[in-house]
Amino acid sequence: MSLPSTQTQWVVTSKEKGFDGLIKEQGAVPQPGDNDVLVRLYGASLNYRDLIIPQGKYPFPLDLPVVAASDGAGEVVAVGSKVSKWKKGDKVTTLFNQWHQFGDIDTRAATSGLGGVFDGTLRQYGVFHEDGVVRTPSNLDHVEAATLVCAGLTSWNALYGLKTLKPGQWVLTQGTGGVSLFALQFAKAGGAKVIATTSSKEKAEMLKKLGADHVINYREDPNWGETARKLTPNNQGVDHIIEVGGAGTLGQSLAAIKYEGIISIIGFLGGAQPKESILETLSRICTVRGVYVGSRQLMEEMCAAIEANDIHPVVDKTIFTLEQAKEAYEYMWAQKHFGKVGIKIE
């Protein structure tokens with residue numbers, strides 16, 4: 001099969017124009033270098049990060065213009081002359097930070113994000129280094145697999161990257177965003193107890209169906225941190241907290257955390273200026289840790305766990321096409337979604 005020379009792609013052209021700076025264009029199908037693979041992309045997914053890049057609110061390095069989005073999955077259609085890991089027909093999923101291979105992230109790896117510095121996945125074909133993709137879990141379709149790249153790996157890193165989650169431990173998740181839902185699924189697969197917070201009865205039912213042991217409505221219970229602590233044995237507190245609210249929730253997370261527990265800071269939906277002092281980590285005897293996705297090694301371990309436990313990511317019922325990518329951005333920005341926003345690439 002001969003490959004086309006041009007393709008449809010969405011490019012972020014500006015940090016000042018919001019979604020108007022996201023432009024659909026015809027671009028060249030890239031050619032793989034000696035150590036690269038050419039991937040026909042069939043699935044993509046959006047993250048909050050993708051929404052704030054064109055709005056100038058993203059705190060990490062960018063190199064615009066850039067093909068949008070980090071999350072992609074598809075099939076290898078060509079390999080470079082020195083590639084040994086992959087062959088045509090292999091199903092692969094992208095690695096968020098292309099140079100984050102093992103261990104701790106460093107400054108070089110932090111400047112290798114797809115859809116930020118390197119061309120991303122809102123296109124039909126992409127070239128990636130052979131170490132910049134991982135094998136797609138055999139139980140997932142392309143759109144499901146794409147959701148693993150940022151939200152899935154961030155969640156896995158939070159639970160397994162610094163201090164490994166153990167069976168019987170307690171995890172607290174906030175809301176029903178992608179990272180929080182992955183954390184719920186991974187924690188239950190790992191034998192942990194999960195307390196989830198949400199704001200509605202409908203979402204509470206969905207969280208229970210996914211396996212949450214306890215659900216707290218944070219609108220009805222503003223002191224949900226103390227409530228969560230009281231649900232744990234001897235009121236000791238929770239071992240891991242997936243903190244996505246920032247200023248709006250950090251105080252409650254500190255109230256819920258166990259001695260030597262870990263609060264993983266994933267986002268700041270409730271604002272970036274918390275009133276709590278970092279010195280509170282001393283009186284609470286806990287670790288507060290920023291998480292920036294994860295390494296290829298962590299991603300391969302996550303994919304193995306997903307396959308072994310037949311975990312399926314929670315994908316919103318509305319799946320968009322590549323042509324509808326801007327509509328997908330607007331849909332997610334309006335918070336109409338439950339779980340991950342998926343894009344099917346024809």
Side-chain angles (χ1 to χ4, degrees), residues 8-25 27 41-74 93-98 110-124 126 128 132 142-155 175-182 244 266-269 291-294 313-316 318-345:
T8 299
Q9 58 187 29
W10 288 88
V11 177
V12 180
T13 60
S14 168
K15 293 191 289 185
E16 282 85 45
K17 297 178 183 174
F19 297 161
D20 289 339
L22 183 67
I23 305 296
K24 186 178 77 168
E25 64 177 34
L41 294 160
Y42 289 109
S45 171
L46 294 182
N47 297 286
Y48 183 67
R49 167 224 196 215
D50 301 311
L51 309 185
I52 62 174
I53 285 175
Q55 300 183 50
K57 298 175 184 174
Y58 188 61
F60 294 102
L62 297 171
D63 186 8
L64 304 183
V66 69
V67 176
S70 59
D71 296 9
T93 301
T94 54
L95 175 66
F96 183 97
N97 281 314
Q98 292 280 287
T111 59
S112 65
L114 291 179
V117 176
F118 294 162
D119 281 337
T121 57
L122 285 188
R123 50 180 170 163
Q124 293 162 305
F128 309 97
H142 293 297
V143 172
E144 288 177 316
T147 71
L148 305 179
V149 176
C150 181
L153 186 52
T154 298
S155 174
T176 52
V179 175
S180 298
L181 294 180
F182 271 118
V244 300
I266 311 296
F268 41 87
L269 297 173
V291 178
Y292 188 33
V293 199
V314 181
V315 180
D316 188 81
T318 303
I319 304 284
F320 295 85
T321 65
L322 185 60
E323 295 288 326
Q324 298 170 316
K326 193 176 285 189
E327 292 170 47
Y329 273 66
E330 289 161 352
Y331 179 83
M332 185 171 171
W333 187 248
Q335 296 184 334
K336 295 178 180 177
H337 61 296
F338 183 87
K340 295 295 295 174
V341 174
I343 296 172
K344 205 169 184 179
I345 303 173

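All values reported here derive from a predicted model rather than from experimental measurement. One is the number of the first residue; the rest follow in order along the sequence.
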(Q) Please determine whether side-chain contact (heavy atoms from CB on, under 4.5 Å) holds for the pair Phe338 and Leu181, giving the CA-CA distance in whole Å, both sets of side-chain angles, and the decisive distance to 0.1 Å. (A) CA-CA 10 Å; Phe338 183 87; Leu181 294 180; 4.1 Å; yes

Q. Can any side-chain N or O of Gln124 pair as donor or acceptor with the backbone N or O of Thr8 at less than 3.5 Å?
A. yes

Q: First locate atom CG of Asn97, then atom CG of Leu114, and finally report the distance between them rounded to the nearest 0.5 Å.
A: 8.0 Å

Q.
Can you list everything that forms a side-chain hydrogen bond (donor to acceptor under 3.5 Å, both in side chains) with Glu25? Sequence neighbours excluded, please.
A. Gln9

Q: Measure across Thr111 and Pro61 and return the closest heavy-atom pair with its distance rounded to 0.1 Å.
A: CG2-CG, 3.6 Å

Q. Would you call the rings of Tyr292 and Phe96 parallel, tilted or perpendicular if under 30° counts as parallel and over 60° as perpendicular?
A. perpendicular

Q: Can you see which heavy atom on Val11 is nearest to which on Pro65, and at what distance?
A: CG1-CB, 3.7 Å

Q) Do any N or O atoms from the side chain of Ser45 and from the backbone of Val341 form a donor-acceptor pair under 3.5 angstrom? A) yes

Q. Is there a donor-acceptor pair under 3.5 Å between the side chain of Thr94 and the backbone N or O of Ser70?
A. yes

Q: Return the set of residues passing side-chain hydrogen bond (donor to acceptor under 3.5 Å, both in side chains) with Lys336 (not counting sequence neighbours), or none when no residue passes.
A: none

Q.
Test of understanding: with side-chain hydrogen bond (donor to acceptor under 3.5 Å, both in side chains), list the residues that count as partners of Asn47, not counting sequence neighbours.
A. Asp71, Lys340

Q.
Using every non-hydrogen atom in the two residues, find where Leu322 and Trp10 come nearest and quote the distance to one decimal.
A. O-NE1, 2.7 Å

Q: Verify, without hydrogens or angle tests, whether Lys344 (side chain) and Ile319 (backbone) share a donor-acceptor contact under 3.5 angstrom.
A: no

Q: Identify the heavy atoms of Leu122 and Ala44 that sit nearest to each other, and give their distance.
A: CD2-CB, 3.9 Å

(Q) Please enumerate all residues that pass side-chain hydrogen bond (donor to acceptor under 3.5 Å, both in side chains) together with Thr318, with sequence neighbours excluded. (A) Tyr331

Q.
So which atom in Ala328 and which in Ile343 form the shortest heavy-atom distance, rounded to 0.1 Å?
A. CB-CD1, 4.1 Å

Q) How close do Gly175 and Ser180 get, heavy atom to heavy atom, and via which atoms? A) O-CB, 3.6 Å

Q: Return each pair, listed once, that meets salt bridge (charged side-chain N to carboxylate O under 4.0 Å, His left out) where at least one residue sits in residues 12-24; pairs must be two or more places apart or across chains.
A: Lys24-Glu323

(Q) Could you tell me if the side chain of Val117 sits less than 4.5 Å from the side chain of Phe60, heavy atoms only? (A) no

Side chains of residues 144-155: which donor-acceptor pairs under 3.5 Å do they make with residues two or more places apart or in other chains?
unit_1 : atom_1 : unit_2 : atom_2 : d
Glu144 : OE1    : Asp141 : N      : 2.9
Glu144 : OE1    : His312 : ND1    : 3.4
Glu144 : OE2    : His312 : ND1    : 2.9
Thr147 : OG1    : Glu144 : O      : 2.7
Thr154 : OG1    : Cys150 : O      : 2.7
Ser155 : OG     : Ala183 : N      : 3.0

(Q) I want to check something: taking the side chain as every heavy atom from C-beta on, are Leu51 and Tyr329 in contact at a cut-off of under 4.5 Å? (A) yes

Q.
Any heavy-atom pair between the side chains of Phe320 and Met332 that's under 4.5 Å?
A. no

